[in-house]
Each structure stands twice: as structure tokens, then as C-alpha cells.
Amino acid sequence: MRGYTGTGAALYVSRGVSGGASPAAPQAAWVVAGNGRGEGRAAYEPGRIRQEEPRMATAAPLLSPLSQLSRAVSDWVESVRALTQPAGVRWCEGTDAESGELTSRLIREGELTRLNPEYFPGCHLYRSSPSDVARVEHLTYICTRSREDAGPNNNWMDPGEAHAKMRELFTGCMRGRTLYVIPYCMGPIDSPLSRCGVEITDSAYVALNMMTMTRAGRPALERIARDGKFVRGLHSIGELDPNRRFIMHFPEELAIESFGSGYGGNALLGKKCHALRIASWQARSEGWLAEHMLIVGLESPKGETHYIACAFPSACGKTNLAMLIPPASLPGWKVFTVGDDIAWLHPGPDGRLWAINPEAGYFGVVPGTNPETNRNAYEMIRRDTLFTNVALTADDQPWWEGLPSGVPVTDWQGRRYDPSRGPAAHPNSRFTVSAKRNPSYSPRAEDPRGVPISALVFGGRRREVAPLVYEARDWPHGVLVGASVASETTAAAVGQVGVVRRDPMAMQPFCGYNFADYWRHWLEVGAKLSRRPKIFHVNWFRRNAKGKFLWPGFGENLRVLAWMLDRCSGRVPAAETGIGLLPRPEDLNMQGLSVEAASLRALLAVDPVLWRKEMADIRAYLEKFGSRLPAELLAQIETTEHGLENLAAG
Ligand code: OXD
Ligand code: MN
């Protein structure tokens, strides 16, 4: 965890919350500890956040070796050491000094390049193997005893077979390498909603990323020692051979085994593997939801703050929406980022849904980031950032497609840039940066209680069919809307780009169990809430017949979010259509924005012919889940089909 800078000379202190919840305390405790409303700034009580703080030691260091903090962790590390036979074992404290040391070592070994310190202080470039540039969904498996539990949405392998295969790959694979042990906490270190894990890896680059992306190091291991439970994640880059690459998940054992890739979600095991695939399984048994959602706080000019969580497929603008900058023509709005990729949503004792961001950093897509599209991100990544697979200018500044200035001379593979060979930066090139560098970082992001959610938003990248925005009739309809998300594929995963596929709740690559059971769980969670968030669907990517985007997107999306908040507060009516409730054009604040009336009409149109076809397609997709599919979803399809008939008749 970055934030305390000591090495062996620091005395580690954990400051408790007076009368507050211990990490393992039952959920009700955090409400007693808080003010029970938890809303807006008034409810934000920084003093209540138990933070791990440095204090300079005046006496001899009192730290016990990490290897002695948890017997369960040390026993596991020892068994992995015996299997993989590394040259050495290093337990990560998670300090800034340690990150600096790892960085210097990677520079010495030629793995990292220091970027121009005048313009990009503290920034480095890493180039991955050209055959290892994205998540590999086709090599990602859920290994449950029953195949049905993994469902048709996952690749499945029998756990015994998978363990045997991985054991063979891991045997002796770390010879001559260092084995890094990274204890981490997903979520604020003192939140009862957080969960912990330990990643073992033989990649210093992965260790460095994990230290930014999670609360890693000693405080996490102390919590593991108290909780007695953690997700075991074993990772080796192997030989980076795409033919010897597997990402295996064992949700019944809370274990992950990943071999042969050093890239992003394949290798930073806290992210997709733990915080989505394993956590979604854990969430079902514990009564909460682990979702591929950003979390953002919106403060209106009247000072009313709402938090919303939005699920969009990979590389569809979650980071941009999470850091949205209000346009000048909408004065008085403020936007606060809680998270940009993953949300853990827990029903609270007050009947609302409460969210934390389990991550501590951003692993964002670089191309397209510029002062116009996302000024916050653009500023954020100008220091202390690890870039992966971007291009370089002659004076060692990072460069990517979409930047308004600079000339690339070296491409992402380190070759002299030649436009005939494709883009200079890889389309899935990434930045890794601490969330604390984000100018719009919400103070509530560290709140152990999380933030209360007013609206859930689903969306996809679709040229046609889906209107700019619509609201679900109720929670069960919202579950159908989420289950029906479809989107054009992007470069975030290996495979064809631009093909429309169903991506329910943006979780197709990340749900750790059978989607049919997952939708049932969504229905059950909704039934438990007395103050349910409203559910919406958006599509920023509608195009006209000439292929031009109809909606400007980016900061202007706030107009759509503002309408949602009006709906949440019951301030505006909406137009009933077969598919749900749409804004009346006059209810969208278009002040200072020139979108032609015909474009706005097209953005808010529901074509009954296209939608009847869409519903038939959704029905065919859902029916693939057979008898496990909740009947409620089919009933919702029927209601929608009826509504569309009425719309066509009217
Ligand atoms: C990501 C992804 O990296 O969704 O966040 O692929
Ligand atoms: Mn993602």
C-alpha cells in the first residue's frame, strides 16, 4: 500500500476507530459506527476511517517478519516454493521504498524504461511480449465440481484435471527467479465489505502493478491473520508461450492459478480473477454482488449528491465516465470518482445498496486519452505512472493515438515507428496509476461503509437499436435489461474487434458461475432491498446512416445522468414505451449543446420492428440457459413484447 514510506526503520501503527467496527465485525456494526444516513458530504467522517499510518521509529524496529504473521499464508508459500523452486522468496511490505527498489531493479535489467523526467516524472514504460497483450478469454476457465455450476457462459474444466495440468506447468517454473509474495486487501483496509488475497508471482512487473492496484503489503497480511480467510492466487509468467497459457479459477477453493501471461487481467490476480470471478461466487453465497461497474458521485448545483454504479463492457468508456468533467454549459455540477472498473455492492441494514471500489488504482486503456476526452486522466498520468505498450517520442515521452501533439518515433514493440505496420501504441496499451493521483478522487472512496447507490446503469457500444437512455420499469425488468446487454467487442480481449455479442451486465468474461444462477441472485438481492436503486440502460455510441456518432459523449453524458437523478428524485415524468421509460426531449437539459433536433429524435426513438427482432434474439440467447433460467426473466420478455405491440399499434 503506498502511503507510508518506511522500510525497516518505520514502526507500523494501526489506529483504531473508537467504537467502530473491527474488520470482521458483522455488517450492522458499521451503521452503528456511522451516522446511519451515510449520504453526501455531511455524512463523511474521515475520523472514522481506520487508517494504517506511519510513525517514525525512535527505537529499534518492532516489525515482525511478514513470514511470521499468518501460519496459513506461510504454509502455502512454503508449498509453492517447494513446487516452483525459485532462487529466492521476497515478501512484499507494500511500501513506496520497496516499489522504488523494484523499479530500479527492472530498469537495471532492461525491463523498464524511464520516461522523460522533465515532462513525466516518476513514469516508466514496460513492453510486454507481442504475443501477450490482452486478456485471453478462450484460455480462462472456471473449475467447479459440477459443470453446470460454471454454466454455458464459462469454459469449464474438472478441478482435478485442472490442478494436475497446472501442477505440471508450475513444477520448477521459478528456477533462477524470485518468488514474490503479495498480500493484498480488495477494498478499504478496515471495511467489513473488503476481502483479502495473496498473490504469489515470479514477475516483478506484476508485483509492482499489484502494489498500485490494491492495498498491498503488511496491513493486508495483518488483516488476513485476523480474518483467517484469503484467496490464494498463484501466478507464473512461465515462458510467455501462448500455447502454455491458462487462467484457472477454483471458486469452491477460493483459489486462482495463472500461467504463461504477464498481462493485465491474466496476471494481476486481484483484479478480474479475484475481484470479479472469485468474488462473484463469494458474493452469491454471502448475499451481495461483485460487478464490473464504475462508481461515481454526482453533486448537483443545488448541492444534492447521488452515487451511481455503471456496468459497461471493457474499453467502452468506464474510466472516462468515472472521471467526467462537467461541460462549461452545465455550471455548478461536481463529479467525484469512487471507482472506474469494479464495484462490490452490499445490501445495507437501511434497505439501500452500498458500494465499495475494491481497487486502489486504475489500469486504464491509454489510446484516446487527451485533454478533451478525459482531462482528469490526462493530468493524472503525467507523473508516477507505469505505462505498458505505448509508443515513444524522440525525447522519451510516451505517445499514443489520440494525443493532440508529439510525434512517435518508436512503436510499442520498440521498433522504429512505421505507420504501415499499424498503430504506434497498442490499442490495448495501459496506464497503471494510484487512484489517489486522480484530481476527482472522492473522499468517500476510502469510507469503510462504502457509498449508497441511487441508480444502476447498464450500457453497451451499439450503432443502432438501443436508444440514448431508458429506464427499466422495476427491478426485475432491470435484471432483464442487464441480462440483455449487447456490445461491439474491443481490443481489451484477444479476438475479433467490432462484433456485437451479448455481454450480460458487462460480466460475460468475468462471472464466476452460471449466468442463470447469477440472474436469480440479482432478483433475490433486489427483493431484499426496501430502497432499491432505479435501473437504466444507456448507449453513447448510436450512429447515423453515414456512420457518424449522434451523441457527443464524454462530459456531455452528464445531461443524461442528470435526467436519471431527476427520475430518482421523482422530479420528472417519463414517456412509457414498450422497452421502458424514456426522457421526453424537453426533460433533457440541452442548454449550450447543439445536437440537431432530428438527431435527438433518433437518439430517443424506439423502433418497434427492430425491437421485436431484438427481443426474439434476447429470448433465444436466454433460453440457452435451460431450466435454470429464472421464469421471471421470460415473463419480463413477454411484458416487453406486449408493450411493443401496443407501441406499434398506437
Ligand atoms: C479491464 C477489462 O482491463 O475490462 O478493465 O478488460
Ligand atoms: Mn474492466
Side-chain angles (χ1 to χ4, degrees), residues 126 128 132-140 153 186 205-206 209-210 212-214 247 249 258 261-280 289-296 309-323 337-345 355 357-369 374 377 381 385-390 400 425-433 435 438 457-461 482 485 487-498 501 503-512:
Y126 176 80
S128 76
D132 185 31
V133 291
R135 285 184 292 98
V136 283
E137 293 176 12
H138 59 299
L139 302 174
T140 298
N153 45 304
M186 301 309 293
Y205 163 78
V206 166
N209 273 277
M210 282 293 288
T212 302
M213 295 302 296
T214 69
I247 325 292
H249 302 75
S258 164
S261 164
Y263 206 87
N266 301 332
L268 316 182
L269 302 186
K271 194 171 178 61
K272 305 299 186 181
C273 300
H274 177 162
L276 287 175
R277 297 194 190 97
I278 298 288
S280 59
L289 296 164
E291 298 300 322
H292 191 203
M293 290 180 174
L294 67 93
I295 310 163
V296 67
C310 313
F312 307 142
S314 307
C316 285
K318 281 205 298 301
T319 305
N320 291 342
L321 190 67
M323 297 180 186
T337 317
V338 178
D340 82 324
D341 194 40
I342 300 177
W344 285 357
L345 305 162
N357 169 17
E359 299 190 282
Y362 309 124
F363 182 69
V365 175
V366 186
T369 306
N374 189 339
I381 61 180
T385 299
L386 178 50
F387 290 90
T388 300
N389 289 347
V390 293
W400 55 86
H426 189 277
N428 193 34
S429 51
R430 298 284 180 144
F431 55 75
T432 314
V433 64
N438 175 4
V457 184
F458 295 113
R461 182 186 284 270
V485 166
S487 192
E488 293 160 26
T489 50
T490 68
V494 168
Q496 218 186 331
V497 170
R501 71 164 179 183
D503 191 349
M505 277 83 171
M507 285 285 279
Q508 167 53 46
F510 308 122
C511 182

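Only heavy atoms go into these numbers, but all of them, side chains included; no hydrogens, no water, no symmetry mates. In each ligand, atom 1 is the first atom listed, and ligand 1 is the first ligand listed.
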*Side-chain donor-acceptor pair present, Tyr126, Thr432, cut-off under 3.5 Å*: no
*With the Mn ion (ligand 2) as the reference point, give the N/O/S atom of His292 that is nearest.*
NE2
_ligand 1 to Lys272 polar contact by distance, N or O atoms, under 3.5 Å_ = yes
_Tell me whether Thr489 contacts the main-chain N or O of Gly498 through its side chain, where contact means a donor paired with an acceptor under 3.5 Å._
yes
*At a 4.0 Å threshold, what atoms of ligand 1 neighbour a non-hydrogen atom of Asp341?*
5 (O)
*Under 4.0 Å from any heavy atom of Phe510, which atoms of ligand 1 are there?*
4 (O)
*Residue Asp341 atom name (nearest to the Mn ion (ligand 2); N/O/S)*: OD1
*Report yes or no: does Gln508 contribute a side-chain atom to a donor-acceptor pair with the main-chain N or O of Asn153 at less than 3.5 Å?*
yes
*Trp344 side-chain N/O to Pro358 backbone N/O, donor-acceptor pair under 3.5 Å*: no
*Hey, what do you get for CE (Met507) to CZ (Arg277), rounding to the nearest 0.5 Å?*
9.0 Å
_Parallel, tilted or perpendicular: which one describes the rings of Phe510 and His292, with boundaries at 30° and 60°?_
perpendicular
*The one among Arg135, Arg430, His292 that brings a heavy atom closest to atom 3 (O) of ligand 1*: Arg430
*From the Mn ion (ligand 2) out to just under 2.8 Å, does an N/O/S atom of Gly265 turn up?*
no
*Measure the distance from atom 4 (O) of ligand 1 to every protein heavy atom, then report the residue, atom name and distance (to 0.1 Å) of the closest one.*
Ser314 OG, 2.5 Å
